[in-house]
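Inspection log for the structure reproduced underneath, given as structure tokens.
From a predicted model like this one, the values you see are computed outputs, not experimental measurements. Side chains are part of it too, since the values below use all heavy atoms of this structure and drop only hydrogens, waters and symmetry mates.
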Amino acid sequence: MTSKEQQAVTAIRTLAIDAVTKANSGHPGVALGAAPTAYALWRQMKHNPANAKWNARDRFVLSCGHASALEYSLLHFFGFGVTIEDMKQFRQWGGITPGHPEHGLTPGVEMTTGPLGQGFASAVGMAMAEAHMAARFNKDGFPVVDNYTYVLMGDGCMMEGVSSEAASVAGSFGLGKLIALYDSNNITIEGCTDMTFCEDVGARFAAYGWQVLRVGDGEDIEAVESALAQAKAETGKPSLIIVRTEIGYKSPVAGMAKAHGEALSAEDVLKTKAALGWPYTEPFEIPSEVYAHFEELKKGFAEKEKEWNALFAAYEKAYPEDARAYRLWHAEKLPFDLENDADFWKFEKKMATRSASGELLNRLAARMENFIGGSADLAPSVKSTLKDKGQFGIDNYAGRNIPFGVREFAMAAISNGISLYGGLYAYCATFFTFMDYLKPALRLCALMGLPVLYIFTHDSIGVGEDGPTHQPVEHLVSARAIPNNIVFRPADARETAAGYVTWLNAKGPTCLVLSRQDLPLLENSGPAALKGGYVLRDAKGKPDVILMGSGSEVELCVKAADILEAEGVKARVVSMPSFELFQAQDEAYRKSVLPAQITARVAVEAGSSYSWHKYVGLEGRIVGIDHFGASAPAKVLFEKFGFTAENVVAAAKSALKRS
């Protein structure tokens with residue numbers, strides 16, 4: 001390592017620990033240990049700090065998100081707009097340097113990380129997106145899509161199960177442009193990893209189909225760069241570079257567990273700087289020659305983008321239609337209007353909403369070439385196959401059907417990565433009960449505001465004979481509790497179309513929650529469902545009672561309204577496919593659907609009752625299920641658990657007595 005390189009690495013280290021110590025909160029250990037590895041990587045990456053969102057850039061994901069101070073230090077020195085003042089505001093209110101990296105907040109941060117392993121899994125998705133787009137757009141002599149995805153991960157990432165799922169996917173697909181650098185320091189919060197993590201990680205990844213490389217000394221940036229070159233030379237496999245480092249390098253707590261997540265004292269910072277040979281003792285003090293060094297590096301980065309721009313200009317002349325499609329894929333506005341597309345909404349027979357979703361997926365795929373996704377080994381059941389669009393795989397990256405295998409968590413995290421890469425719309429599908437397996441990735445998707453479509457089928461006790469393990473009675477409540485997540489449980493095929501239109505307009509994930517059993521087409525259903533809740537059927541005159549529900553139970557509300565009407569009771573039926581969309585409407589609209597003066601209300605949903613209390617009020621009734629289901633035919637279960645028109649009528653009469 002030259003003196004300039006050493007000085008640059010030490011500057012990265014000391015700026016990071018100064019930020020952590022000023023905040024008196026954070027994780028200095030990885031910043032001290034992995035700085036040489038990160039520097040070696042970042043100086044050879046294809047990126048341009050002057051244009052952080054350049055489509056052709058290499059992607060970098062900090063999977064061990066607790067090491068955020070390291071990433072912010074890199075972003076500062078490499079010129080991404082993170083200032084010294086921003087570093088001083090580390091972990092503080094209103095700053096752009098939060099405790100863990102946040103996508104969309106800090107320039108140059110590719111994804112929100114912190115929950116260990118998810119960054120690695122989403123990096124797999126980014127590499128898959130690159131492979132797919134390269135297969136679609138590249139021509140001989142015109143590699144317009146040609147970037148690497150890099151991920152820095154730690155021991156904790158390696159222990160999380162999602163990493164194993166995703167590594168298996170990446171190896172199976174032969175993602176040669178995915179390179180993971182494993183900062184192996186053998187320390188976690190509780191102590192040495194040997195007490196619980198003794199496996200041969202390299203052998204494990206080799207078994208997954210990865211090339212495994214090793215750097216014995218993390219201080220040797222030449223060895224890191226040599227390993228990176230070897231990784232790039234292997235085009236048929238993803239590569240894992242295991243880099244041995246010392247957590248908290250040169251600090252008084254080097255190699256100790258407390259180096260992980262405890263800020264160094266001011267005194268220990270001075271001791272660390274002295275051990276590193278850093279004479280600048282004032283916090284955040286950086287000599288001008290360090291910045292001059294990084295300015296020289298930045299010239300090369302800008303040149304790389306110029307070269308790509310020239311390549312794309314020539315590509316556009318040679319292949320104008322492909323260039324137009326490339327631009328269209330990356331445009332923010334869709335080239336069609338589904339809301340006013342009558343063919344998209346057209347259905348003529350009763351069907352399960354999962355089947356309607358299958359039709360709509362393919363109608364959408366015909367309109368959107370950049371629509372890609374798959375299921376966790378359930379495509380025939382969840383109706384998630386894009387017909388005649390090919391299967392994504394090692395021999396066909398152009399395929400649009402992704403076989404994720406039985407890996408729900410990895411599927412969702414990978415879908416996040418596909419969405420983050422840009423240019424593609426991603427969907428993933430499984431049974432609703434398995435939402436629990438992937439919920440951490442769904443939550444991160446909502447936090448990042450990614451428009452990933454989650455297709456959940458077999459939505460209730462209507463699953464029937466499979467029994468309570470497969471009957472997701474509590475999952476609607478759980479999904480509705482996630483901020484910035486739209487849950488859409490349609491009552492028929494036309495409402496399902498509304499769910500798809502909702503997704504394409506959303507600024508976060510949309511969960512379509514779909515039935516296994518056939519549902520009739522309801523009169524007046526359709527675009528009105530875009531408001532989340534609407535009057536499906538109204539009484540003649542002022543209603544005496546409001547019957548509301550979602551999904552398959554809306555049909556019960558309609559039947560109950562018929563019975564009540566025959567008995568002289570005026571009932572309004574409200575379909576409520578999405579609480580989130582309904583709450584987004586103005587107060588006047590919400591009151592027009594649910595007038596405050598009508599206190600006799602009944603909510604009907606084959607799931608937990610908890611979601612509905614704010615709509616039925618103190619005088620209302622809820623026909624729900626606050627216990628696990630059972631194994632029996634669906635028709636029997638609905639009857640036994642009270643999901644009948646007669647029971648809804650009884651609940652309405654009870655509500656009327658109390659109003």
Side-chain angles (χ1 to χ4, degrees), residues 52-55 57 59-68 71-72 75 80-82 91 94-130 149-153 157 160 162-163 166 330 332 370-373 408-428 435 437-455 478-488 502-512 580 584:
K53 295 184 178 181
W54 172 35
N55 291 336
R57 70 191 182 278
R59 270 61 169 181
F60 170 79
V61 176
L62 182 69
S63 189
C64 47
H66 55 272
S68 59
E71 184 165 20
Y72 302 146
L75 290 168
F80 281 84
V82 175
R91 290 183 161 230
I96 64 166
T97 50
H100 291 81
E102 295 183 26
H103 171 70
L105 177 65
T106 313
V109 169
E110 295 287 0
M111 75 167 289
T112 300
T113 56
L116 295 177
Q118 285 203 56
F120 171 75
S122 291
V124 172
M126 294 178 189
M128 289 170 60
E130 192 275 345
T149 299
Y150 299 99
V151 56
L152 180 62
M153 59 196 302
C157 293
E160 289 288 355
V162 69
S163 294
H330 290 91
E332 293 186 3
N370 56 339
F371 185 39
I372 183 172
E408 290 85 2
F409 194 175
M411 172 181 71
I414 287 169
S415 297
N416 288 346
I418 292 171
S419 181
L420 284 163
Y421 183 83
L424 296 169
Y425 285 82
Y427 73 93
C428 58
M435 185 190 78
Y437 283 142
L438 61 76
K439 186 183 174 187
L442 170 57
R443 182 179 185 273
L444 212 54
C445 183
L447 184 59
M448 290 187 280
L450 303 179
V452 175
L453 177 64
Y454 288 81
I455 300 171
S478 180
R480 287 167 177 158
I482 300 173
N484 200 38
N485 179 45
I486 294 175
V487 181
F488 201 102
T502 293
W503 165 59
L504 286 173
N505 293 323
K507 302 299 182 183
T510 299
C511 297
L512 292 183
E580 298 79 21

Is the closest side-chain heavy-atom distance between [X] and [Y] below 4.5 Å?
{"X": "Cys445", "Y": "Leu447", "result": "no"}
{"X": "Thr113", "Y": "Pro101", "result": "yes"}
{"X": "Leu512", "Y": "Trp503", "result": "no"}
{"X": "Pro107", "Y": "Ile96", "result": "yes"}

Quick one: pull up NZ in Lys507 and CG in Asn484 and give me the separation to the nearest 0.5 Å.
11.0 Å
Ser63 side, atom OG; Met111 side, atom CE - distance, nearest 0.5 Å
7.5 Å
Results of side chain to side chain donor-acceptor pair (under 3.5 Å) for [X] - residues two or more places apart only:
{"X": "Glu130", "result": "Lys177"}
{"X": "Glu160", "result": "none"}
{"X": "Arg57", "result": "Glu110"}

How are the rings of Phe371 and Tyr427 set relative to one another: parallel (under 30°), tilted (30 to 60°) or perpendicular (over 60°)?
tilted
Which residues pass the ring pair (Phe, Tyr, Trp, His ring centres under 6.0 Å) test with Phe488, sequence neighbours left out?
none
Work out which heavy atom in [X] is nearest to a heavy atom in [Y]; give both atom names and the distance.
{"X": "Gly108", "Y": "Leu75", "result": "CA-CD2, 3.9 Å"}
{"X": "Ala412", "Y": "Leu438", "result": "CB-CB, 3.8 Å"}
{"X": "Val487", "Y": "Arg480", "result": "CG2-N, 3.8 Å"}

Would you please test Tyr425 and Leu453 for side chain to side chain contact (heavy atoms under 4.5 Å, CB included) and show each step?
CA-CA 8 Å; Tyr425 285 82; Leu453 177 64; over 6 Å; no
Arg443 atom CZ: more than 12 heavy-atom contacts under 6.0 Å
no
Heavy-atom donor-acceptor pair, Thr106 side chain to Thr97 backbone, under 3.5 Å:
no
Is the side chain of Ser163 donor-acceptor paired with the backbone N or O of Cys157 at a distance under 3.5 Å, no angle test?
yes
Among Ser478, Cys511, Cys428, which one satisfies side-chain contact (heavy atoms from CB on, under 4.5 Å) with Leu442?
Cys511
All N/O donor-acceptor pairs, side-chain side in residues 414-423, below 3.5 Å, sequence neighbours left out:
unit_1 : atom_1 : unit_2 : atom_2 : d
Ser415 : OG     : Met411 : O      : 2.8
Asn416 : OD1    : Tyr454 : OH     : 3.4
Asn416 : ND2    : Ala441 : O      : 3.0
Tyr421 : OH     : Asn147 : OD1    : 2.5

Review item, side-chain donor-acceptor pairs of residues 114-128, under 3.5 Å, at least two apart:
unit_1 : atom_1 : unit_2 : atom_2 : d
Gln118 : NE2    : Pro440 : O      : 3.3
Ser122 : OG     : Gln118 : O      : 3.2
Ser122 : OG     : Ala413 : O      : 2.8

